[in-house]
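Below is one structure, written out as structure tokens; the observations come after it.
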Amino acid sequence: MARVGCRAVKIVDPLTNPTAHGASKSDAFDLVIPSIPGYGFSGKPTTTGWDPAHIARAWVVLMKRLGYAKFVAQGGDWGAVITEQMGVQAAPELLGIHTNMPGAVPADIDKAAFTGAPMPGGLSPEEKLAFERLTFVYSKGIAYGYQMGLRPQTLYGIADSPVGLAAYFLDHDAWSYALISRVFSGEAAGLTRDDVLDNITITWLTNTAISGARLYWESKLPYSVSKAFPSRLP
């Protein structure tokens, strides 16, 4: 389940009101922050077909309806996948894209990490670290992606339980759990306890746990850390 980016929300004011943060007024620009269909305060799709490519086209339509003749796009997590699709579709109004989860893993490296093959030779120290993290994601960190990619509806068992949602959000993969747990041990980690609770509360109040999970099933992009999650096992 993708979650509302509390850390991202914290940069809205510096970007739209830079003078309040020591920057120049000329640095300000408009931000349009859409909620992915099925998540948060968005409507829940009533038909199939709302995959990342469809949503990417919808974002372009949205921006044009709002009156923007030129714009750029940025995204992380599912937003990164959608943003990549916007780049692939190359609408003339789109000037450029930025993601913090770029699809830049070479196919042979990605395959080796996914299949558990030995680390390829000739990698730099940074590339070795990236390979180790990618292998960890595939081997231990992505079970939730498999589950939602195959059977998203079975999550109804926790969808009506705030405690169930909290447990799933906090510990759905080892990497996220490690990052979130720092907040509860008193470390300064960019998030607060309220941020974590906000993520869970939004899903609970809007009843979007299942509708959000369906995006994993809808996506037909190849399985890759940079290409979303599977609708079917390879």
Side-chain angles (χ1 to χ4, degrees), residues 1-107 110 126 130 145 190-191 195 198-199 202-203 206 208 211-229 231:
M1 301 172 192
R3 293 155 325 271
V4 175
C6 289
R7 295 182 68 180
V9 169
K10 294 177 182 180
I11 68 171
V12 170
D13 194 62
L15 292 174
T16 59
N17 185 24
T19 55
H21 300 270
S24 170
K25 183 178 180 180
S26 62
D27 294 328
F29 53 90
D30 294 347
L31 293 180
V32 176
I33 309 176
S35 177
I36 296 173
Y39 289 88
F41 300 105
S42 285
K44 301 171 187 177
T46 57
T47 61
T48 58
W50 280 91
D51 60 1
H54 188 148
I55 298 170
R57 292 190 293 272
W59 280 180
V60 174
V61 172
L62 170 66
M63 294 302 291
K64 292 166 67 174
R65 287 182 179 178
L66 291 174
Y68 293 95
K70 299 291 181 182
F71 52 86
V72 297
Q74 194 282 335
D77 201 274
W78 272 116
V81 180
I82 295 166
T83 297
E84 282 189 345
Q85 290 298 301
M86 293 178 71
V88 170
Q89 294 166 10
E93 296 83 4
L94 182 67
L95 299 179
I97 66 170
H98 175 273
T99 83
N100 56 342
M101 196 176 77
V105 182
D110 187 69
E126 293 81 5
L191 291 171
D195 291 333
D198 286 346
N199 283 334
I202 289 173
T203 301
T206 58
T208 51
S211 57
R214 291 184 191 127
L215 182 55
Y216 291 78
W217 181 87
E218 288 281 7
S219 179
K220 303 301 186 290
L221 295 171
Y223 190 104
S224 165
V225 73
S226 60
K227 296 294 186 183
F229 304 106
S231 59

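Values below: every heavy atom of this structure, side chains too, minus hydrogens, waters and symmetry copies. For clarity, every value in this text was computed on a predicted model and none was experimentally measured.
Rounding to the nearest 0.5 Å gives a distance of 10.5 Å between NZ of K64 and NZ of K70. Once rounded to the nearest 0.5 Å, the distance linking CG of D51 with CH2 of W217 reads 10.0 Å. Distance check: T16 OG1 to I11 CD1 gives 10.0 Å after rounding to the nearest 0.5 Å. Here I97 contributes atom CD1 and Q74 contributes atom CD; the two are 10.0 Å apart, rounded to the nearest 0.5 Å. Annotation: the span from T47 atom OG1 to H54 atom NE2 amounts to 7.5 Å, rounded to 0.5 Å. If you take CG on L62 and OH on Y68, they are separated by 9.5 Å, rounding to the nearest 0.5 Å.
Using a 4.5 Å cut-off on side-chain heavy atoms (C-beta onward), S219 and V81 make no contact. Side chains of P52 and L215 form a contact here, defined as non-hydrogen atoms less than 4.5 Å apart. Side chains of L15 and F29 form a contact here, defined as non-hydrogen atoms less than 4.5 Å apart. Here the side chains of I202 and F41 are in contact, with some heavy-atom distance below 4.5 Å. At a threshold of 4.5 Å between non-hydrogen side-chain atoms, the residues L66 and D30 do not count as touching.
In this structure, the side chain of T208 does not engage the main chain of G212 through any donor-acceptor pair within 3.5 Å. Listed for the E93 side chain is no donor-acceptor partner under 3.5 Å among the backbone atoms of A69. In this structure, T83 contributes its side chain and A73 its backbone to no donor-acceptor pair below 3.5 Å. In this structure, the side chain of K44 does not engage the main chain of S42 through any donor-acceptor pair within 3.5 Å.
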Worked verdict on L94 versus V60 for side-chain contact (heavy atoms from CB on, under 4.5 Å): CA-CA 8 Å; L94 182 67; V60 174; 5.8 Å; no
Chi angles and distances behind the side-chain contact (heavy atoms from CB on, under 4.5 Å) call for F71, V32: CA-CA 10 Å; F71 52 86; V32 176; over 6 Å; no
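Minimum interatomic distance between A53 and Q85 (heavy atoms only, all atoms of both residues): CB-OE1, 3.8 Å. In this structure, W59 and S35 approach most closely via the heavy-atom pair CH2-O, 3.5 Å. A56 and I82 get closest at one heavy-atom pair: CB-O, 3.6 Å. A58 and W50 make their closest contact through CB-CZ3, 4.0 Å (heavy atoms, listed as atom of the first residue, atom of the second, distance).
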